[in-house]
Amino acid sequence: MFGITKPFKNLDFAKQKRIINAALKEFTDKGFEQASTNQIVKDAGIGKGMLFYYFNSKKELYYYLIDYCLEITEQRYFELIDTSERDLFERLKKISNVKMEFLMKYPNAINFLATIFLQNFDQMDEELISRVEALQVIGHTKIYGNLDYSMFRDDIDAEKALKLVKWAFHGYEEELKLRLRHQDVTSIDYGPYFDEFFNYLDIMRTCFYKKERPK
């Protein structure tokens with residue numbers, strides 16, 4: 001695992017952010033192979049020698065960015081999910097709102113991760129893949145744990161209904177990945193996709209929930 005180097009850690013926060021955002025943008029726009037460290041240092045306003053003082057190689061910087069993005073996803077996204085909301089569909093809507101705020105606050109990080117998951121996930125280091133998989137387990141628990149099954153209709157199997165919701169959720173994400181695969185992730189307006197997702201949630205609520213929800 002490529003961790004943060006001591007020289008970079010000792011930089012003031014503003015300078016760290018300039019370097020991180022410059023690198024995120026360059027790798028997002030051009031991918032690992034074509035990304036230019038010359039462009040990164042130009043955008044960050046530092047000398048090239050200093051970049052390689054902070055990070056020993058382009059690869060080390062790249063993997064640091066992946067680690068950085070995964071960390072803020074866990075701390076600034078998953079940790080904000082309200083698991084006290086026991087209505088599955090309301091929780092999914094609230095999660096989507098948290099995700100939208102996260103997208104707006106960390107656009108460079110999200111765009112960078114999108115290029116990883118849409119194109120390069122299978123090329124990542126095994127340790128990073130393991131970390132992503134562990135993060136997915138945390139996310140699954142945040143989404144589907146502590147639900148109120150009494151809201152489901154009495155004439156259906158709530159566990160099977162939940163499984164159908166999971167399949168639909170996963171299927172929508174996979175379809176979205178295909179639809180966005182060849183788009184410029186830096187220019188995507190995610191709003192319509194969230195609206196579309198909310199419409200699907202309302203349809204599933206109608207199918208699986210009682211007409212009068214328990215108070």
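The figures that follow rest on heavy atoms only: side chains count, while hydrogens, waters and symmetry mates do not. Every value quoted in this text rests on a predicted model; they were computed, and no experiment measured them.
- Shortest non-hydrogen contact noted between Leu24 and Tyr68 is CD1-CE2, 4.4 Å.
- In this structure, the side chains of Phe208 and Leu164 come closer than 4.5 Å at one or more pairs of heavy atoms.
- Listed for the Arg153 side chain is no donor-acceptor partner under 3.5 Å among the backbone atoms of Lys211.
- Salt-bridge check for Arg205 with Asp87: passed, with a basic side-chain N closer than 4.0 Å to an acidic carboxylate O.
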Can you give each donor-acceptor pair under 3.5 Å made by side-chain atoms of residues 76-83, sequence neighbours left out, with the distance rounded to 0.1 Å?
{"from": "Arg76", "atom 1": "NH1", "to": "Tyr106", "atom 2": "OH", "distance (Å)": "2.6"}
{"from": "Asp82", "atom 1": "OD1", "to": "Ser84", "atom 2": "N", "distance (Å)": "2.9"}
{"from": "Asp82", "atom 1": "OD1", "to": "Ser84", "atom 2": "OG", "distance (Å)": "2.4"}
{"from": "Asp82", "atom 1": "OD2", "to": "Ser84", "atom 2": "OG", "distance (Å)": "3.3"}

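- When the side chains of ILVMFWY residues are joined at heavy-atom separations under 4.5 Å, either directly or via intervening members, Trp167 and Ile156 end up in a single hydrophobic cluster.
- Hydrophobic clustering, with ILVMFWY side chains joined whenever heavy atoms are under 4.5 angstrom apart, groups Met104 together with Phe112.
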- request: Report the C-alpha distance between Leu51 and Leu61 in whole Å, list the side-chain angles of each, state the deciding distance to 0.1 Å, and finish with yes or no for side-chain contact (heavy atoms from CB on, under 4.5 Å).
  value: CA-CA 9 Å; Leu51 180 65; Leu61 171 60; 4.2 Å; yes

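- Summarising the geometry, atom CD belonging to Glu60 is positioned 11.0 Å from atom CG belonging to Leu65; distances are rounded to the nearest 0.5 Å.
- Figure legend: cation-pi geometry between Lys58 and Phe32, with NZ or CZ positioned under 6.0 Å from the six-membered ring centre and within 45° of its axis.
- Side-chain contact annotation: Asn97 with Glu101, donor-acceptor N/O pair under 3.5 Å absent.
- No salt bridge links Asp157 with Lys163; every basic N to acidic carboxylate O contact stays at or beyond 4.0 Å.
- At least one donor-acceptor pair under 3.5 Å links the side chain of Glu26 to the backbone N or O of Ser36.
- Other residues, nucleotides and ligands place no more than 12 heavy atoms under 6.0 Å from the OH atom of Tyr53.
- Considering CD1 of Ile110 and SG of Cys69, their distance stands at 7.5 Å, rounded to 0.5 Å.
- No more than 12 heavy-atom neighbours from other residues, nucleotides or ligands sit within 6.0 angstrom of NZ on Lys42.
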message: Quick one, Asp155 with Lys210, criterion salt bridge (Lys or Arg N to Asp or Glu O under 4.0 Å). Give me CA distance, side-chain angles, the key distance, then yes/no.
response: CA-CA 10 Å; Asp155 59 337; Lys210 297 171 183 175; over 6 Å; no

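- Here Asp29 pairs with Lys25 in a salt bridge; the nearest charged N to carboxylate O distance falls below 4.0 Å.
- Using a distance-only test at 3.5 Å, with no hydrogens or angles considered, no donor-acceptor pair links the side chain of Asp67 to the main chain of Tyr63.
- Pairing each heavy atom of Tyr209 with each of Leu88, the nearest pair is OH-N, 3.1 Å.
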field: Stepwise side-chain hydrogen bond (donor to acceptor under 3.5 Å, both in side chains) test for Gln16 and Asp12
entry: CA-CA 6 Å; Gln16 283 188 25; Asp12 66 83; over 6 Å; no

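- Annotation: side chain of Phe27 is not in contact with side chain of Gln34 (no heavy-atom distance under 4.5 Å).
- The minimum heavy-atom distance linking Asp43 with Ala22 is given by the pair CB-CB, 3.7 Å.
- Taking each heavy atom of Arg91 and Asn146 in turn, the nearest pair found is NH2-O, 3.2 Å.
- Counting non-hydrogen atoms of neighbouring residues, nucleotides and ligands closer than 6.0 angstrom, the NZ atom of Lys166 exceeds 12 such neighbours.
- Nearest heavy-atom pair, Leu135 versus Leu70, reported as atom, atom and distance to 0.1 Å: CD2-O, 3.9 Å.
- Atom OH of Tyr193 and atom CE of Met100 lie 11.5 Å apart (nearest 0.5 Å).
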message: Is there a side-chain contact (heavy atoms from CB on, under 4.5 Å) between Ile20 and Tyr64? Walk through the geometry before answering.
response: CA-CA 9 Å; Ile20 288 171; Tyr64 164 73; 3.7 Å; yes

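- For Ser96 against Phe198, the heavy-atom pair with the smallest separation is CB-CE2, 3.5 Å.
- Applying ring-ring contact (aromatic ring centres under 6.0 Å, His included) to Tyr200 and the options Tyr172, Phe169, Phe89 leaves one that passes, Tyr172.
- In this structure, CD1 on Ile95 lies 8.5 Å from CZ on Phe197, to the nearest 0.5 angstrom.
- Phe13 and Phe8 fall into different hydrophobic clusters, where Ile, Leu, Val, Met, Phe, Trp and Tyr are joined by side-chain heavy atoms under 4.5 Å apart, directly or via other members.
- In the hydrophobic clustering of this structure, Ile40 does not group with Phe52; members are Ile, Leu, Val, Met, Phe, Trp, Tyr whose side-chain heavy atoms approach within less than 4.5 Å, directly or through other members.
- Counting heavy atoms from C-beta on, the side chains of Ile19 and Leu11 come closer than 4.5 Å.
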